Every structure is written in structure tokens, then in C-alpha cells.
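These notes are about the structure you will find just below.
Residue indices begin at 1 and follow the sequence shown. In what follows, every heavy atom counts, from backbone to side chain, and hydrogens, waters and symmetry copies are set aside. Computed from a predicted model, the values in this text were never measured in an experiment.
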Amino acid sequence: MSTTEVTRQPAAIAEKTEQIRLRTWTVRRVAYMLAPALIYLGIREFGLLVLSWMSYQTRFPMGQALTSWDADWYLGIAAGGYDNVPHRLVDAYNQRSPETPLAFFPGYPKLINYLAAPFGGTETARLVAAFTITVVAGVFCAYALARIGRRIPGGSIRIGLILVALFAAAPMSVVLVMPYSEALFCAFAAWALVGVLERNWILAGLACACAGLVRPTAAALVLAVGLAALVAVIKRQDGWRPWLGGLLVPLGLFGYLGWVAHRTGELFGYFNLQERGWDSRFDGGVATWRFAVEALTRQLSVLEGVTILLLLGAIALVVIGFKMKLPWPLMVFGLGVLIMDIGSNGLMASKTRLLLPAFVLLIPIAVGLAKRQTATVVATLTGLAVITSWFGAYSLTVWSWAI
């Protein structure tokens with residue numbers, strides 16, 4: 001063997017090693033890029049399988065389970081707008097006025113209408129559009145949550161992916177695959193908070209404004225993002241961007257509330273509609289307290305018991321989150337959602353679903369799990385997915401009242 005051949009061998013080995021390293025790095029990078037979507041969709045698909053099994057066992061049609069209650073309203077508004085909603089849709093008192101449909105925010109049904117229009121705007125097209133929007137929004141939310149998990153102090157990719165799994169397996173996460181507005185709202189809210197953490201004020205303002213057209217829960221988001229932009233202005237950070245972002249923040253929510261006020265001729269028209277049609281109002285938690293006391297002094301139903309435990313757990317997570325010194329805009333948002341949920345009268349069975357946007361309260365759990373061995377994390381999340389998938393399916397196929 002010549003001297004030249006001998007010197008070439010180490011170089012060839014080094015080159016081959018480098019190619020393997022780059023190939024491995026590329027595969028790992030692709031895996032990390034796809035992980036949030038795969039984790040989220042995998043858990044939600046498992047939830048659908050459990051729902052299918054429960055539907056078969058209870059003889060309750062799966063399609064009817066997925067499109068009942070609020071889903072029916074959203075699809076009805078998407079079909080005919082606020083002025084031509086099907087007459088079969090009524091409020092909690094089986095009544096209906098021309099203003100009743102205004103109790104549902106326009107962002108989600110309008111998006112359904114726009115997406116279905118190129119395909120003829122038929123009932124099937126609207127249904128497909130509704131499910132598509134929900135699923136895609138959930139995936140977008142998953143990527144935002146993964147980013148939040150990396151951006152918090154001491155954050156990491158591992159924490160972000162666990163946070164995605166916890167959100168996908170949250171109690172009543174079944175609505176994330178229904179024609180409900182929660183998935184779309186959570187996506188906008190999560191990206192608004194990403195904008196705050198990364199001081200991307202235009203993103204934060206635009207996402208918050210869009211969220212304000214989807215759900216009234218945006219009030220908590222407007223407070224959190226608006227305060228963060230105000231603090232940035234006071235500290236003279238980031239130039240003109242927090243000014244513009246702050247101006248965008250309330251446009252969606254206040255714009256819709258103002259439009260409803262104009263349509264109804266009442267300054268608080270939206271809130272009056274909620275109270276007249278669904279007996280829903282902010283009472284500081286009186287109704288929730290009465291519900292808990294009454295439920296705990298008689299035989300509990302599954303849904304009532306889980307609802308009480310989750311509300312208590314959410315309160316505990318708020319305390320833990322503040323003790324961990326998580327970024328205050330995240331905690332303001334989470335606390336705001338919790339206060340709106342506990343402090344409102346109305347359907348007690350809906351409180352678990354209404355707590356879903358408080359996904360930031362899952363961060364302490366994600367941080368704690370990230371310190372455990374991978375096998376422990378996988379086993380914990382798998383067990384949680386099984387339990388919550390059954391609970392969501394139970395709520396749709398066995399529970400007789402609205403969620």
C-alpha cells in the first residue's frame with residue numbers, strides 16, 4: 001500500500017463520519033419539526049377511536065355526538081349568517097329572537113363559510129370546512145405551545161413537547177376535533193403569547209385581535225397582551241412596535257361587542273343576550289360555589305365530580321405557576337380564563353370545556369414531567385390520554401345535557 005493511499009484512508013473515514021453525522025442531524029431536525037403535529041394528532045386520533053367505541057356501546061351516532069350543541073349553532077350561522085339561522089336553533093329556554101344568534105362570535109362560522117364557498121357552499125362542504133379548520137387550528141396551536149415551552153425560563157424542547165401532549169390530552173379536549181371554536185381560539189391565543197414572549201408585538205397584537213372575533217374568553221387575552229405591550233411602552237422597549245401591537249390588541253373583541261350593541265340598541269347587548277338566552281352572567285363565583293356544595297352533598301355524577309376536581313386543580317396550578325415565577329403575561333392570561341370560568345353563572349357542565357383555553361396552567365406539570373425519565377413521561381401521558389379520551393366520549397354519548 002502506498003503512502004498516498006494510507007494518508008487518504010483517514011480522510012475518507014472522516015468524510016464518511018461527517019456524512020453520517022449530518023444525516024443523523026437532519027433526521028433529528030425533521031423529527032423535531034414534525035413532533036408537535038404528530039403528538040397532537042396522535043392523541044386526538046386516539047380520542048376519536050375511543051369516541052367511536054363509546055358511540056357503538058351506547059348506540060349514540062358518532063356524527064351526531066360531534067356536531068351537537070354549539071356545533072349546530074356555528075354550522076347554522078355559517079349556512080345563513082346571523083339573519084338566516086335555521087329556525088330549529090333556539091336558546092336554553094327554547095326561545096328565539098332575531099338577536100339570539102349574536103350570542104355566538106363570528107370568527108369561526110365566517111371562516112367556515114369562506115372555506116366552503118369555493119366548493120359550492122353546500123352542507124357537506126361546510127361540515128368538511130368546519131372539521132378542517134378545527135384540526136388545522138389545533139396543529140397550529142401545538143406548534144405555538146411547543147415554542148412557549150422553549151421560551152419560558154429554563155424551557156426546553158422536551159418541556160414544549162410535553163406541553164403539547166398535555167394540551168391534546170386535557171379533559172374535554174374532545175372539542176378540539178368538533179365544530180367548536182375552542183381550537184381556533186386556542187391557536188390565536190397561543191401565538192399571541194408567543195409574540196409576547198419573543199417581543200414580536202405585531203404578531204401578538206394581530207393574533208389577539210383575531211382571537212377577539214372567536215370567543216369572549218379573549219377578554220383574558222386582551223388583558224394579558226395589552227398589559228405586556230403597555231409595560232414595553234413604559235419601559236421604552238422595541239420602539240414603535242409595542243405601540244402598534246397594543247392598538248391592535250382590543251380591536252376584535254371590542255369591535256364585535258360594539259357591533260352587537262349597535263344591532264341590539266343596548267350598550268351591553270351581548271351580555272344581555274347571554275343572560276336572557278342561557279342565564280349566563282358574571283356573578284363572582286356564587287353559582288359555582290352553590291353547584292359545588294350541592295354536588296358534594298348528594299350522589300355525584302361523573303361529570304360533576306370531575307368538574308369540581310379540575311377547578312380545584314386549576315386554582316392550585318395558578319398558585320404553583322406564580323411560585324415558579326413563570327412569565328407574568330402567561331399567568332395573567334391563565335388566571336383571567338379561570339376567573340371568567342369560575343365567576344360565571346350558566347351551565348356548570350360547560351366549565352371543564354371553558355377551562356381548556358387556560359393551557360398555560362399546564363406548564364408547571366410539563367416542567368415537572370420533563371425532569372422524569374422518558375419511560376415515566378410516556379406512561380403518564382398515555383394513561384392521561386386514555387382517561388381523558390373516555391371522559392370526553394362519556395360527555396358526548398352518555399351525559400344528557402350540554403357541554
Side-chain angles (χ1 to χ4, degrees), residues 30-45 47-48 71 74 78 105-116 128-152 155 157 159-170 172-198 200-215 217-218 220-222 224-225 245 248-249 252 329-330 333-334 337 353 356-360 362-363 366:
V30 171
Y32 281 137
M33 288 175 60
L34 295 177
L38 294 177
I39 291 172
Y40 176 82
L41 292 174
I43 294 175
R44 292 311 331 130
E45 177 62 27
L48 284 175
Y74 286 124
F105 274 55
Y108 182 54
K110 280 292 184 183
L111 198 54
I112 294 172
N113 184 269
Y114 293 148
L115 190 60
V128 171
F131 281 113
T132 300
I133 292 166
T134 299
V135 173
V136 172
V139 172
F140 270 85
C141 183
Y143 278 96
L145 292 177
R147 201 147 159 175
I148 289 173
R150 297 198 305 269
R151 295 297 181 182
I152 60 173
I157 294 174
I159 292 174
L161 294 181
I162 293 174
L163 183 59
V164 171
L166 288 171
F167 174 69
M172 283 311 301
S173 55
V174 67
V175 299
L176 297 175
V177 291
M178 295 173 65
Y180 270 57
S181 61
E182 270 79 4
L184 186 61
F185 174 80
C186 287
F188 284 132
W191 279 106
L193 295 175
V194 168
V196 170
L197 292 179
E198 298 182 354
N200 185 340
W201 300 108
I202 309 303
L203 170 64
L206 284 173
C208 188
C210 291
L213 292 171
V214 179
R215 292 194 63 79
T217 318
L221 188 66
V222 168
V225 179
L248 292 171
V249 163
L330 303 185
F333 173 63
V337 174
R353 171 175 65 87
L356 190 63
F359 46 76
V360 293
L362 298 172
I363 294 176

For Asn113, side chain to side chain contact (heavy atoms under 4.5 Å, CB included) partners two or more places apart: none
Sorted by chain and residue number, the side chain to side chain contact (heavy atoms under 4.5 Å, CB included) partners of Ala224 (sequence neighbours excluded) come out as Val332, Phe333
Once side chain to side chain contact (heavy atoms under 4.5 Å, CB included) is applied, do any residues pair with Leu206, and if so which ones, sequence neighbours excluded? Ile202, Leu248
Please tabulate, one pair per line, all N/O donor-acceptor pairs under 3.5 Å involving side-chain atoms of residues 31-43, not counting sequence neighbours.
none

Return each pair, listed once, that meets side chain to side chain donor-acceptor pair (under 3.5 Å) where at least one residue sits in residues 128-144; pairs must be two or more places apart or across chains. Tyr108-Thr134
Under 3.5 Å, side-chain donor or acceptor atoms of residues 172-184 against the rest of the protein: list the pairs with distances, not counting sequence neighbours.
from   : atom 1 : to     : atom 2 : distance (Å)
Ser173 : OG     : Arg44  : NH1    : 3.1
Ser173 : OG     : Ala168 : O      : 3.0
Ser173 : OG     : Ala170 : O      : 2.7
Tyr180 : OH     : Asp70  : N      : 3.2
Ser181 : OG     : Tyr74  : OH     : 3.0
Ser181 : OG     : Arg215 : NH1    : 2.8
Glu182 : OE2    : Arg215 : NH1    : 3.4
Glu182 : OE2    : Arg353 : NH1    : 2.6

Pairs satisfying salt bridge (Lys or Arg N to Asp or Glu O under 4.0 Å), at least one member in residues 134-150, at least two apart: Arg147-Glu198
Let me confirm one number: the SG-CZ distance from Cys141 to Phe188, rounded to the nearest 0.5 Å. 11.5 Å
Is the backbone N or O of Phe140 less than 3.5 Å from a side-chain atom of Trp191, with the two atoms forming a donor-acceptor pair by type? yes
Sequence-distant partners of Glu45, salt bridge (charged side-chain N to carboxylate O under 4.0 Å, His left out), two or more places apart: none
Sorted by chain and number, sequence neighbours left out, side chain to side chain contact (heavy atoms under 4.5 Å, CB included) with Ala366 holds for Ile159, Ile162, Leu163, Leu166
Trp201: side chain to side chain donor-acceptor pair (under 3.5 Å) partners, not counting sequence neighbours: Asp238
Evaluation steps, side chain to side chain contact (heavy atoms under 4.5 Å, CB included), between Phe105 and Leu213: CA-CA 6 Å; Phe105 274 55; Leu213 292 171; 5.5 Å; no
